There are 2 protein chains.
Amino acid sequence: MSSAKTNAPSSPDAKPCKALGNILDRVGDKWTVMVVGNLSNGPMRFNALQRAVAGVSHRMLTLTLRGLERDGLVRRTAFATVPPRVDYELTALGHSLKPLLEVLAEWAKTNQVAIEHARELFDQ
Amino acid sequence: MSSAKTNAPSSPDAKPCKALGNILDRVGDKWTVMVVGNLSNGPMRFNALQRAVAGVSHRMLTLTLRGLERDGLVRRTAFATVPPRVDYELTALGHSLKPLLEVLAEWAKTNQVAIEHARELFDQ
DNA sequence: CAGTATCCAGTCGGATACTG
DNA sequence: CAGTATCCGACTGGATACTG
């Protein structure tokens, strides 16, 4: 997912923006949020996660989990059993993200009606 | 605040996820964040905005502003002068987004070193 | 069950050119 | 100055098939 796009590599005083941009590349995507949200209740296996996150494809779930694991937000634990079993759980860093998502969710819940109304006005 | 689960009959946190998804589709994009960040200091004209938001193309700035206007986060004011002048400014709804971005930015600043470190570990 | 590889259609976004 | 339209390459992500 997060890829190096063809954009200006450096901008003079974009210090909070740059950090924020990095975070949003990680967190600002649909599947990431849903995965973290589900994992915040405890560890889950791959297929359980796929069932929980409605609409995610096998491929995207894999990629999302890889990304989160790479960034140290999720820990992957594989059991050498047959059939194989792999648990995913949030790390401390991953858990620290939870309150942020709650704040976002709260804002979303509070304002989504206003936004939908604004859209209707604009679209007509 | 997000008491959640008090009235969740079947799926624990499926509902906030949907609302959150909507919001992230709007806010979780690079240009949107940068535009809102810049406008939070006061109204700006189109070209000023383009200069401020490093790397944004003319086209994407237009599209971003349209989207924000549509959602009622930004107000567009055109002056019938020659040459034309158009001011963009945050609405109250747009301003309410600012603290959220600050929280995100703070988390980003706090944890980006940890994330970068995790990436190095993972990539080697 | 978990994960990888390949294919390919749809979308995104930059560059460019043109209008009022 | 502000905005729109078009072209087109790059990237995304779903579907599918295969491995351990």
Side-chain angles (χ1 to χ4, degrees), chain A residues 1-11 17 21-22 24-35 38-39 42-71 74-89 122-123, chain B residues 21-22 24-35 38-39 42-71 74-89 122-123:
Chain A
M1 32 177 44
S2 61
S3 51
K5 301 172 184 179
T6 48
N7 56 358
S10 62
S11 49
C17 284
N22 265 320
L24 285 169
D25 275 355
R26 161 62 43 233
V27 157
D29 118 86
K30 200 170 143 190
W31 303 133
T32 295
V33 171
M34 299 214 193
V35 166
N38 276 283
L39 288 180
M44 290 181 83
R45 301 180 58 171
F46 187 90
N47 274 10
L49 218 37
Q50 185 170 17
R51 253 172 278 118
V53 180
V56 71
S57 68
H58 193 153
R59 182 176 173 271
M60 284 316 292
L61 184 55
T62 302
L63 289 178
T64 301
L65 287 168
R66 281 295 159 280
L68 288 170
E69 190 193 355
R70 187 172 104 103
D71 286 358
V74 158
R75 178 167 32 249
R76 177 180 180 277
T77 313
F79 301 91
T81 58
V82 176
R85 163 187 178 153
V86 180
D87 277 8
Y88 290 94
E89 63 183 322
F122 189 88
D123 287 344
Chain B
N22 266 319
L24 284 169
D25 276 354
R26 161 60 44 232
V27 157
D29 118 84
K30 199 170 143 192
W31 302 133
T32 294
V33 171
M34 298 214 196
V35 166
N38 276 283
L39 287 181
M44 289 181 83
R45 301 180 58 170
F46 186 91
N47 274 10
L49 219 37
Q50 185 170 17
R51 253 172 278 120
V53 179
V56 71
S57 68
H58 192 151
R59 181 174 172 273
M60 285 315 293
L61 183 55
T62 301
L63 290 177
T64 301
L65 286 168
R66 282 294 159 280
L68 288 170
E69 190 193 353
R70 186 172 104 102
D71 286 359
V74 158
R75 178 167 33 248
R76 178 181 181 274
T77 312
F79 301 90
T81 58
V82 176
R85 163 188 178 152
V86 181
D87 276 9
Y88 292 95
E89 64 183 321
F122 188 89
D123 287 343

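Given the structure is predicted, the values throughout are model-derived calculations rather than measurements. Residue numbering restarts at 1 for every chain, and letters A, B, ... go by the order of the sequence lines.
- In this structure, CG of B:D87 is placed 12 Å from C1' of D:dA2, rounded to the nearest angstrom.
- Between the NZ atom of A:K30 and the C1' atom of D:dG14 there is a distance of 11 Å, given to the nearest Å.
- With a 3.5 Å ceiling on both atom-pair distances, the Watson-Crick or G-U wobble partner of C:dG20 is D:dC1.
- Taking atom CG on A:L61 and atom C1' on C:dC1, their separation rounds to 13 Å, with Å as the unit.
- A heavy-atom distance below 4.5 Å is not found between the side chains of B:K30 and A:L24.
- The distance from atom CG of A:L63 to atom P of C:dT6 is 14 Å, rounded to the nearest whole Å.
- For C:dG13, the paired nucleotide is D:dC8, the pair qualifying as Watson-Crick or G-U wobble because both relevant distances are below 3.5 Å.
- Contact annotation: B:R76 side-chain N/O to D:dA2 OP1/OP2 distance is not under 4.0 Å.
- When rounded to the nearest whole Å, the span between CG of B:L65 and P of D:dT4 equals 11 Å.
- Distance from the side chain of A:P84 is smallest to D:dG20 among C:dG13, D:dG20, D:dG3.
- Counting heavy atoms from C-beta outward, B:R76 and B:L65 have side chains that stay 4.5 Å or more apart.
- In this structure the side chain of B:L49 reaches within 4.5 angstrom of the side chain of B:L39, judged on heavy atoms.
- Between B:R59 and D:dT6 there is no side-chain polar atom (N or O) within less than 4.0 angstrom of OP1 or OP2.
- Residues B:V56 and B:M34 are not in side-chain contact: their nearest non-hydrogen atoms beyond the backbone lie 4.5 Å or more apart.
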- Criterion side chain to side chain contact (heavy atoms under 4.5 Å, CB included) on B:F122 and A:D71, from CA distance to verdict: CA-CA 8 Å; B:F122 188 89; A:D71 286 358; over 6 Å; no

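- Atom CD of A:Q50 is separated from atom P of D:dA15 by 10 Å (rounded to the nearest Å).
- Of the listed nucleotides (D:dG3, C:dG3, D:dC1), D:dG3 has the atom at the smallest distance from the side chain of B:V86.
- Of the candidates C:dG14, C:dA2, C:dC1, the closest approach to any side-chain atom of A:P83 belongs to C:dC1.
- Among the heavy atoms of the strands lying under 4.0 Å from A:Y88 are primed sugar atoms or P, OP1, OP2 only; no base atom is included.
- Of all nucleotides listed (D:dG13, C:dG3, D:dG3), D:dG3 comes nearest to the side chain of B:H58.
- When rounded to the nearest whole Å, the span between CZ of A:R51 and C1' of C:dA2 equals 13 Å.
- For A:M34 and D:dG13, the CE to P distance is 13 Å, given to the nearest whole Å.
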